[in-house]
Amino acid sequence: MAAQPEPDLFEHVRDHSYFELPFGIEIPLPKIPLPDVPLITKYFGHSFQISKYMVLQLVAGLFLLVVFRGLARRVASGTPPKGAWWNFWETLALYIRDNVVRPTIGVPHEHGHGDHEHNDEHAHDAHGHAEAHAVPAVAGHPADRFLPYIWTCFFYVLICNLLGAFPWMGSPTANINVTGALAVITVCTVMFYGMQRSGVAGFWASLAPPMDLTPIMKVILVPVIWAIEFVGFVIKHGVLAVRLFANMMGGHTVIAVLAMYIATTATSVLWYLVLPSSIFGQIFVGLLELLVAFIQAYIFAFLATLFISMAVNPH
């Protein structure tokens, strides 16, 4: 007698080329034909398969576009947004601005083009005291120039997380490819702002902290310390991907395990005991996942802000 295959605990959190509905109904997603170019066909084949998580990421992007265009229009009108729906999104945006971005980044000391005129003009106040040579890049707080990216990170990750709470959907952030792409974009953003602030050479040189060493010791120690700091720079951005992926996949996997208890006891008297406990367990874990969805979006946005702050405020 052939052995029964082991159930795949991660099946429902994997990406697929179809949407699965109740009663075994599957809605296949299309393939996009690719041009018959040797370089393309070598790595991608003759077609590009649209996956479920690709569609869900598009849904998340369109949802945010609709919501925040509507919120922006209301703010631009000069009157505060009214209603629980708009106030909810405005509250989240203001919380990220006032409690994450502004206090974490502070007032970066810019040295880019056009800074000297501003600095000369405001170098001394009315009492002759020197002021900080900082250039607000936008109206308001100087750190607000970084808000668009941090807001995008927070709300995009949040919506992708919350999509997993809907039946037959899924959380794109439970896929390492999605979180890995977010981490790569973040590290590119950090390097862009860092090199904009200190220059290409200055940014990479700032990875090694300044040390009061003799010339011989500098030749020996500085390259080693720089290499260690560079590895740390790569790892800490990689953690962005792993942390988000592991937390989102773990929650969905726990729900799957609880659901399996019901199926495995369907033919025994234990079913009457396991059924209610599994259902209540799934409800509890589901509510916990809603909390985790917000927490993980906050952590991702906070860490991205922290890394940008370290890049624009070097040692």
Taking only residues two or more places apart in sequence, or in another chain, which ones meet Phe307 in a ring pair (Phe, Tyr, Trp, His ring centres under 6.0 Å)? His237
Applying side-chain contact (heavy atoms from CB on, under 4.5 Å), can you list everything that pairs with Ile235, at least two apart in sequence or on another chain? Val231, Val239
Between Val184 and Leu306, is there a shared hydrophobic cluster once you connect ILVMFWY residues whose side-chain heavy atoms come closer than 4.5 Å? no
Check the pair Val190, Phe233 against side-chain contact (heavy atoms from CB on, under 4.5 Å), reporting the backbone distance first and the verdict last. CA-CA 10 Å; Val190 169; Phe233 178 82; 4.2 Å; yes
Indicate yes or no: at least one non-hydrogen side-chain atom of Tyr298 is less than 4.5 angstrom from one of Val100. yes
When rounded to the nearest 0.5 angstrom, what is the spacing between CG in Leu303 and SG in Cys153? 10.5 Å
Decide yes or no on side-chain contact (heavy atoms from CB on, under 4.5 Å) for Ile150 and Ile96, but give the supporting numbers first. CA-CA 8 Å; Ile150 304 302; Ile96 294 298; 3.9 Å; yes
Would a hydrophobic clustering, with Ile, Leu, Val, Met, Phe, Trp and Tyr connected at side-chain separations under 4.5 Å, put Ile228 with Val222? no
From Glu90 CD over to Leu92 CG, what is the distance, rounded to the nearest 0.5 angstrom? 10.5 Å
To check you understand the geometry: which heavy-atom pair defines the closest contact between Gly61 and Tyr156, and what is its length? N-CE1, 4.5 Å
Are Ile25 and Val55 co-members of a hydrophobic cluster defined by side-chain heavy atoms under 4.5 Å apart? yes
Closest non-hydrogen atom pair, Ala241 against Ala183: CB-CB, 3.9 Å
Connected to Ile216, directly or through other members, by ILVMFWY side-chain contacts below 4.5 Å are Ile220
Which residues share a side chain to side chain donor-acceptor pair (under 3.5 Å) with Asn177, sequence neighbours left out: Asn175
With side chain to side chain donor-acceptor pair (under 3.5 Å) as the rule and sequence neighbours excluded, what pairs involving residues 178-189 come up? Tyr149-Thr186
Would a single hydrophobic cluster contain both Val242 and Val234, if residues Ile, Leu, Val, Met, Phe, Trp and Tyr are joined by side-chain heavy-atom contacts under 4.5 Å? no
Any heavy-atom pair between the side chains of Phe294 and Leu290 that's under 4.5 Å? no
Under 3.5 Å, is there a donor-acceptor pair between the side chain of Ser309 and the main chain of Thr305? no
Which heavy-atom pair separates Arg102 from Asp98 by the least distance, and what is that distance? NH1-OD1, 3.7 Å
Kindly give the heavy-atom pair with the smallest separation between Pro103 and Arg97, and that separation in Å. CD-O, 4.1 Å
Under the side-chain contact (heavy atoms from CB on, under 4.5 Å) rule, what do Arg243 and Gln296 come out as? Steps first, then yes or no, please. CA-CA 8 Å; Arg243 177 194 296 273; Gln296 290 304 315; 3.8 Å; yes
Find out whether Val67 and Phe155 are in side-chain contact, i.e. whether some heavy atom of one side chain is under 4.5 Å from a heavy atom of the other. no
Donor-acceptor contact present, side-chain His141 to main-chain Ala143, <3.5 Å: yes
Can you tell me how far CE of Met54 sits from OG of Ser17, rounded to the nearest 0.5 angstrom? 10.5 Å
What's the separation between atom CD in Gln57 and atom OG1 in Thr173, rounded to the nearest 0.5 Å? 9.0 Å
Any sub-3.5 Å donor-acceptor pair from Asn313's side-chain atoms to Ile105's backbone N or O? yes
Shared-cluster residues of Leu94, by chain and number - hydrophobic side chains joined below 4.5 Å: none
State the OH-OG distance between Tyr18 and Ser51, to the nearest 0.5 angstrom. 12.0 Å
Take Phe68 and Trp151 through the test side-chain contact (heavy atoms from CB on, under 4.5 Å) and record every step on the way to the result. CA-CA 11 Å; Phe68 284 97; Trp151 271 340; over 6 Å; no
Just wondering, do Val178 and Asp15 contact through their side chains at under 4.5 Å, heavy atoms? no
Taking only residues two or more places apart in sequence or in another chain, which ones pass side-chain contact (heavy atoms from CB on, under 4.5 Å) with Leu58? Leu62
Please output the side-chain donor-acceptor pairs of residues 72-87 that fall under 3.5 Å, not counting sequence neighbours, one pair per line with the distance.
residue: Arg74; atom: NH1; partner: Gly70; partner atom: O; Å: 3.0
residue: Ser77; atom: OG; partner: Arg74; partner atom: O; Å: 2.6
residue: Ser77; atom: OG; partner: Thr79; partner atom: OG1; Å: 3.1
residue: Asn87; atom: ND2; partner: Gly83; partner atom: O; Å: 3.1

Do Leu244 and Asn161 have side chains that get closer than 4.5 Å, going by heavy atoms? yes
For Phe63, ring pair (Phe, Tyr, Trp, His ring centres under 6.0 Å) partners two or more places apart: Trp89
Please list, chain by chain and in numerical order, all residues satisfying ring pair (Phe, Tyr, Trp, His ring centres under 6.0 Å) with Tyr193, sequence neighbours excluded. Phe146
Quick check: closest heavy atoms across Tyr53 and Ala174, and the distance to 0.1 Å? OH-CB, 4.5 Å
Applying side-chain contact (heavy atoms from CB on, under 4.5 Å), name anything that partners Ile225, two or more places apart in sequence or on another chain. Pro209, Met211, Leu221, Glu229
Smallest heavy-atom separation, Leu56 atom then Pro172 atom, equals CB-CG, 3.7 Å
Kindly list each side-chain donor-acceptor pair under 3.5 angstrom involving residues 26-40, sequence neighbours excluded, with atom names and distances?
none

Is there a path of hydrophobic side-chain contacts, each under 4.5 Å between heavy atoms of I, L, V, M, F, W or Y residues, that connects Leu163 with Leu21? yes
Rounding to 0.5 Å, atoms CE (Met248) and CD1 (Ile176) come to a distance of 13.0 Å
